[in-house]
Amino acid sequence: MFNRGFRNNEDSRDEFSVRKMKLWDNDSSAFVVLLVLSAALIYFTPPTISRVAYLGFLYFAYRSGRDYLWLAFLFVLYDSPNYFYFGGLASDPNRVPIYQYARGLSLTFQDLLIMVLVYKAVRIGKQGEVIYARELRAFLVFMAIVFLYSFLFGVGFKDVALTVRYLIPLSLLFYLPRLLPKRSDWISLMKLLMPIVLFALVGQLYYITTATPLAALVDHSILSKVNSNFVASMNVGLSRFYTAPFIGLVVFIGTMYLLSYRDHEIPPVYLLTVMLAAAAQALLSATRGYIIAYLFMLMLWLLLQKGSDKQKYIAVSLLLLVGLGLYLSSNPVFMRQSERSFARLETVEYLLKGDPTADGTLMRLTVRTPRVLAAFQESPIIGLGFSGEFYQHADDHVAYPNLLLNFGIVGFVVFNLLLFTMVFKMYGFRADDLTGSQLYHRIFLIGFLGLLIIHSSSRQIFGVPVPSYVSFMVVIFFSFWNAIISDEFNQRVDELESNEAV
């Protein structure tokens with residue numbers, strides 16, 4: 001439990017109840033302008049101009065008092081809804097700029113924006129407690145040890161650069177609580193990202209009917225850059241198109257929280273619509289791990305609701321689902337996609353019956369896992385670290401084998417122990433010592449369990465050698481949870497002190 005030193009903000013009380021939030025405001029307009037302008041620079045100006053102009057965004061991000069807007073922008077650049085902002089090689093003229101400083105040494109605009117935000121947090125000295133700071137320091141020591149023994153297996157400049165690139169987004173775990181210390185900041189961020197979820201679903205439906213991403217309307221070369229299995233899957237009548245999945249996950253958890261925390265003016269029907277849109281995109285993509293995770297989170301969240309709220313949410317959800325179902329059934333292409341998505345989900349039954357291939361649809365257990373574990377046998381105790389050999393055999397489609405390959409048995413135990421210690425510390429930090437049970441603890445624990453399901457079944461979520469957009473999602477999740485806890489705690493202490501004074 002934190003002592004009074006935890007309250008290091010002079011104005012620690014959450015101002016959200018005073019500053020009511022509307023569904024669309026100046027922040028929303030500014031965000032749209034930023035997205036349109038940044039996209040126009042990529043798709044309609046020469047690369048030289050876009051590179052220089054994007055450097056201007058760094059200045060505005062540093063000067064801005066709305067850090068949540070720039071974090072939302074960063075998330076969109078990472079997660080590429082409907083393949084907007086999606087880039088191929090560094091030479092690709094239609095991509096977010098990459099700045100090359102020497103042969104083999106370059107930084108993306110996303111890297112630079114994170115560095116600016118970190119510098120801003122340190123330079124300006126914004127306050128915000130990091131509840132899991134001790135665990136983060138332990139992670140740093142652990143990673144330093146792993147990096148040092150990596151040289152036993154051979155580490156080249158490329159391996160070092162790649163490892164640093166993976167660590168850049170994770171550095172925000174230290175600094176994001178300083179940039180967004182209040183609950184109102186995070187609700188502002190969620191509000192900006194909610195339309196992106198709806199936009200991603202619209203783009204998915206468009207792709208199912210046309211086999212073309214929405215981004216192709218402004219960049220015809222996008223089809224040669226996207227994952228070819230999306231196009232190939234259309235030949236069998238099943239689209240695996242799924243974009244901005246990590247924005248969807250964070251917003252889904254955020255809407256669960258906002259439907260429980262009522263001190264805002266965002267309509268519950270809108271929140272439910274966004275929540276179901278995120279789940280619907282996973283369902284239509286026939287991605288089993290994500291579908292199971294969403295259904296699991298939704299079921300547990302409903303169980304937490306009071307009787308009257310539970311009935312209301314179920315009724316509204318059913319109405320929205322019926323409306324979506326009628327729309328999908330009106331189009332034979334949508335209907336076929338829905339049927340084949342459900343058919344793919346039903347293959348989980350084969351796993352339960354002992355078929356590791358899930359009727360020939362699951363290569364993770366039959367191909368990817370054995371391939372990674374074969375390399376793991378070379379160094380089972382300490383793994384291959386961040387060596388070139390590790391990166392040669394790494395496969396983030398299979399999380400636990402990949403962690404074993406990375407850290408070995410000893411490091412695997414240490415890494416997971418630190419991760420779960422971090423989660424238990426967050427969940428165990430209970431303001432109910434002051435005010436009674438707090439529902440948000442359970443909601444964020446549900447969110448973590450949902451991420452853990454995806455981590456265990458679809459792709460690696462927790463770890464270092466994972467794509468930046470995945471790491472950034474993890475940063476957003478833990479920083480959001482951190483802000484809710486610390487802000488709530490400070491507010492409750494203020495209330496107690498006020499009552500004692502009376």
* Asked: Aromatic rings F386 and F390: how do their planes relate, parallel, tilted or perpendicular, breaks at 30° and 60°?
  -> perpendicular
* Where the side chain of D111 meets the backbone of L107, is there a donor-acceptor pair that is under 3.5 Å apart? -> no
* Would you indicate whether the side-chain heavy atoms of F415 and M143 approach each other to under 4.5 Å? => yes
* Within-4.5 Å side-chain heavy-atom neighbours: L172 and I476 -> no
* Asked: To the nearest 0.5 Å, how far apart are CG in L284 and CZ in F241?
  -> 12.0 Å
* Asked: Looking at CG of L58 and CZ of F109, how far apart are the two atoms once the value is rounded to the nearest 0.5 Å?
  -> 4.5 Å
* Could you grab the distance from atom CG of D67 to atom OH of Y175, nearest 0.5 Å is fine? => 15.0 Å
* Between atom CD of Q392 and atom CG of D159, what is the distance when rounded to the nearest 0.5 Å? -> 10.0 Å
* Asked: In Å and rounded to the nearest 0.5 Å, what is the OG to CG distance from S50 to L55?
  -> 9.5 Å
* Asked: Hey, are R66 and D185 close enough for a salt bridge, meaning a charged N less than 4.0 Å from a carboxylate O?
  -> no
* To do: Mark yes or no for whether K425, through its side chain, and I131, through its backbone, hold a donor-acceptor pair below 3.5 Å.
  => yes
* Asked: Does the side chain of M297 reach to within under 4.5 Å of the side chain of I453, using non-hydrogen atoms?
  -> no
* Indicate yes or no for a side-chain donor-acceptor contact from Q460 to the backbone of V466 under 3.5 Å, with no hydrogens or angles considered. => no
* To do: Go through the steps for F246 and Y469 under the test ring-ring contact (aromatic ring centres under 6.0 Å, His included), then give the verdict.
  => CA-CA 8 Å; F246 301 107; Y469 48 83; 5.6 Å; yes
* Are the aromatic ring centres of Y427 and F444 under 6.0 angstrom apart? -> no
* **Trace of the side-chain contact (heavy atoms from CB on, under 4.5 Å) decision for Y294 with L249** => CA-CA 8 Å; Y294 274 108; L249 278 166; 3.7 Å; yes
* Structure fact -> So salt bridge (charged side-chain N to carboxylate O under 4.0 Å, His left out) across residues 245-255, not counting sequence neighbours, yields none
* From T369 OG1 over to D395 CG, what is the distance, rounded to the nearest 0.5 angstrom? -> 8.0 Å
* Asked: Could you go step by step and tell me if Y166 and S471 meet the side-chain contact (heavy atoms from CB on, under 4.5 Å) rule?
  -> CA-CA 8 Å; Y166 284 133; S471 297; 5.8 Å; no
* Asked: Just by distance, do the side chain of T48 and the backbone of P46 share a donor-acceptor pair under 3.5 Å?
  -> no
* Can Y391 and T163 be counted as having a side-chain donor-acceptor contact under 3.5 angstrom? -> yes
* Can you tell me if N94 uses its side chain to pair, donor with acceptor, with the backbone of D219 under 3.5 Å? -> no
* **Heavy-atom pair with the smallest gap, counting every atom of F478 and L419** => CZ-CD1, 4.4 Å
* Structure fact -> For V197 and G248 the tightest heavy-atom approach is CG2-CA, 4.1 Å
* Heavy-atom side-chain proximity of I292 to S457 below 4.5 angstrom -> no
* Does the side-chain contact (heavy atoms from CB on, under 4.5 Å) test come out yes or no for Y132 and S479, once each step is laid out? -> CA-CA 10 Å; Y132 44 80; S479 301; 3.7 Å; yes
* To do: Verify, without hydrogens or angle tests, whether S80 (side chain) and V76 (backbone) share a donor-acceptor contact under 3.5 angstrom.
  => no
* Do the non-hydrogen side-chain atoms of F147 and V160 ever get within less than 4.5 Å of each other? -> yes
* Asked: Shortest non-hydrogen contact from S468 to R165?
  -> OG-O, 4.1 Å
* Asked: Is there any salt bridge (charged side-chain N to carboxylate O under 4.0 Å, His left out) pair reaching into residues 272-282, and which pairs are they, with sequence neighbours excluded?
  -> none
* Asked: Taking W186 for the side chain and L180 for the main chain, is one N or O donor matched with an acceptor at less than 3.5 Å?
  -> yes
* Close side-chain approach of I196 to L35, heavy-atom, < 4.5 Å -> yes
* Shortest non-hydrogen contact between L198 and A277, atoms and distance -> CD2-CB, 3.7 Å
* Asked: How about F139 and F142: are their ring centres within less than 6.0 Å of each other?
  -> no
* Knowing that exactly one of L271, T273, L272, I266 qualifies, which makes a side-chain contact (heavy atoms from CB on, under 4.5 Å) with V269? -> T273
* Asked: Just wondering, do L113 and F57 contact through their side chains at under 4.5 Å, heavy atoms?
  -> no
* Going by the ring-ring contact (aromatic ring centres under 6.0 Å, His included) test, name the single residue among Y400, F448, Y290 that passes it with H455. => Y400
* Main-chain N/O of V130 paired with N482 side-chain donor or acceptor, under 3.5 Å -> no
* **Distance-minimising heavy-atom pair for P213 and Y207** => N-CD1, 3.5 Å
* **S106 side chain vs Q100 backbone, donor-acceptor pair below 3.5 Å** => no
* Test item: V250 and M190 side chains (from C-beta on) under 4.5 Å apart, heavy atoms -> yes
* **Salt-bridge contact D27-K191 (side-chain N to carboxylate O under 4.0 Å)** => no
* Judged by atom type as modelled, is there a donor-acceptor pair below 3.5 Å linking the side chain of D25 to the main-chain atoms of S28? -> yes
* To do: Measure centre to centre between the rings of F472 and F75, then say whether the value is under 6.0 Å.
  => yes
* In terms of side-chain heavy atoms, does N402 have a donor or acceptor partner in D396 at a distance below 3.5 Å? -> no
* To do: Give the C-alpha distance, both sets of side-chain angles, the deciding distance and a yes or no for side-chain contact (heavy atoms from CB on, under 4.5 Å) between V116 and Y59.
  => CA-CA 9 Å; V116 167; Y59 170 79; over 6 Å; no
* Quick one: closest heavy-atom pair of G450 and A293, and the distance? => O-CB, 3.5 Å
